[in-house]
2 protein chains.
Amino acid sequence: MASPRRKPSDTEPSTTGAAKLHLTRFLPYRVSVLSNVVSHTVAKLYDKRFGITIPEWRIIAVLGGGETLSAGEIAQRTAMDKVQVSRAISRMLDSALILRESGDTDRRKALLTLTPKALAIYAEIVPLALAYEAQLTSALTEEESVQLDRLLIKLQAQADQLAVTPDPKNTP
Amino acid sequence: MASPRRKPSDTEPSTTGAAKLHLTRFLPYRVSVLSNVVSHTVAKLYDKRFGITIPEWRIIAVLGGGETLSAGEIAQRTAMDKVQVSRAISRMLDSALILRESGDTDRRKALLTLTPKALAIYAEIVPLALAYEAQLTSALTEEESVQLDRLLIKLQAQADQLAVTPDPKNTP
DNA sequence: TTGCAACAGTTTCAGATGAAACTAGCTTCA
DNA sequence: TGAAGCTAGTTTCATCTGAAACTGTTGCAA
C-alpha cells in the first residue's frame, strides 16, 4: 500500500535523509493552484461576455468610479507592472474603452479615463464579479469569511516582507 | 470596521448605479496578488540555487520519494497540464535530472524517475522550501494555521466546482 | 484481421510575459 | 543656461504559455 520502507531507524542518513514534502500540503503550491483556478474561471467570464482580459478588467475596476489616473497610478493600484499596464491601455485604446490625454503640468503623464462604453461594461461586470466572489465564499460561514480576510492580510504582508528580504540571516 | 457603505439609499442612481467594487477587497484579485508574490519569491529561490523552474521543482517534489510515475500521473499530481509537464521533462532530460524509459506493457507511457543528481537537489531544496513556508506562516498563530488549512480546502473545492459549472442557473 | 475511437505525449502556432533598453519630458545645480 | 540625472511610459527581445493539431500506441468491435 503506502510506505515501502517501514523502519525509519535509518542506518543510511543521506539517501533519503531529508524531510519529505507533500506538494498538496505545501502552502505556496496550494495558493498557486487556487489562484490558477480562480483566475482562469474569472478570465473566461470576462472574456466571454465582454471580450476583455484580466489586466483590462483591473484597469476598468480602478477607473470605474470615474476617476482619472496616470498609468503609473494604475500600475500601483492594480499590482501590475508598468509594461503590463501600458499594453493593456493600448489594447483598450484600440477598442475605445479608454481615453488618453497628456497632462498639462507634466506631459509625460497620460491622464486616463474610461469611455462610456467601458463604464457600461463596468456596470455590467461588477455584479457578475461580486456574484462569483459570493459563490466562492458561499461555502464559508460568516465567521470564516472574517478569518479569511484576516489571514490573507497577514499572509500578504509576510509574503511582501519575504520578497524583499529573502533570508534574514544573510542580511546582517 | 468592515462594511463601508451602510446606507444603500444613495441619491445618485445611474451615474455609478452599479455596485462599486474595490479591487483590494475582491477575493480573486487578492488571491492572485498573493500567489504572484509567493511564486515569484519561491521561483527565485529555486532558480538561484539550483537552476530549476517551478514546474521542474514540482516534478522533483512528486518524484522525490523515489517513485516512478508516467507524465500523465505527474500532471495530475502537480496540477500542471500535460504540455507544461512535457516541456519540463524535456528540460530535465537535458540537465540529467530525470530518467525516462518506455513502459513494457504500454509503450505510450513513459516511466519517469529522478536521477541521483535530482534526488540530491530534492534533499537540499526541501528544507529551504519548508523554511520559506514556515516564515510565511510565522505571522500566524497555531490556531490561525489550522483555520487557513481549512479555508484553503473549502475554497479550492468551491473554486473547482465553479470552474466546471460556471453558472448553475444556465445548466438545467 | 482491419478499421476506428481513445489515449499518451510532443510539436506548432499565435499570443502573453518580464527584463532591459529606449524615448521623451522634467528637475537640479553648477 | 545646460549637462547630468530622474521619471513616465513604450518598445524590443527572448522566453513562456495554452489551445489545437499532430504522432505514435492501444483497445475495441465488426
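Every chain is numbered from 1, with letters handed out A, B, ... down the list of sequences.
We find that NZ of A/Lys82 is positioned 11 Å from P of D/dT7, with the value rounded to whole Å. Spacing between atom CZ of B/Arg87 and atom C1' of D/dT15 amounts to 11 Å, rounded to whole angstrom units.
Residue contacts shown for A/Arg91 are absent, as no nucleic acid heavy atom lies under 4.0 Å away. As judged by a 4.0 angstrom heavy-atom cut-off over every strand, B/Lys109 is placed among residues touching the sugar-phosphate backbone only. When heavy atoms are screened at a 4.0 angstrom cut-off, B/Ser70 is found touching the sugar-phosphate backbone but no base atom. The residue B/Thr53 sits apart from the nucleic acid: no heavy atom pair falls under 4.0 Å.
Side-chain atoms of B/Arg107 stay outside donor-acceptor range of the base of D/dT25, with no qualifying N/O pair under 3.5 Å.
Side-chain atoms of A/Ser32 and B/Arg58 include a donor-acceptor pair closer than 3.5 Å.
Formation of a donor-acceptor pair under 3.5 Å by the A/Gln158 side chain with backbone atoms of B/Leu136 is not found in this model. When atom types are taken as modelled, the side chain of A/Ser35 and the backbone of A/Val31 share no donor-acceptor pair closer than 3.5 angstrom.
Between A/Arg108 and A/Gln84, it is A/Gln84 whose nearest contact on DNA chain C lies nearer the 5' terminus. Both A/Asp106 and B/Thr105 lie close to DNA chain D; mapped to their nearest nucleotides by heavy-atom distance, the more 5′-ward contact belongs to A/Asp106. Comparing A/His40 and A/Ala110 against DNA chain D, the residue whose closest nucleotide sits nearer the 5' end is A/Ala110.
Side-chain contact between A/Arg91 and A/Thr53: present, with at least one pair of heavy atoms (C-beta onward) separated by less than 4.5 Å.
Applying the salt bridge (Lys or Arg N to Asp or Glu O under 4.0 Å) test to A/Arg107 and every residue at least two apart in sequence or in another chain returns nothing.
Each of D/dC13, D/dT10, D/dA19 was ranked by its minimum atom distance to the side chain of A/Ser86; first place goes to D/dT10.
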(message) Show, in sequence, the C-alpha distance, side-chain angles and deciding distance for A/Glu144 and B/Arg150, and conclude whether the salt bridge (Lys or Arg N to Asp or Glu O under 4.0 Å) test is met.
(response) CA-CA 9 Å; A/Glu144 285 174 330; B/Arg150 188 180 61 239; 3.1 Å; yes
(message) Show, in sequence, the C-alpha distance, side-chain angles and deciding distance for B/Leu155 and A/Leu140, and conclude whether the side-chain contact (heavy atoms from CB on, under 4.5 Å) test is met.
(response) CA-CA 8 Å; B/Leu155 285 176; A/Leu140 308 184; 4.2 Å; yes
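Close approach of DNA chain C to chain A, defined as any atom under 4.0 Å from a non-hydrogen atom of the protein, starts and stops at C/dT17 to C/dC26.
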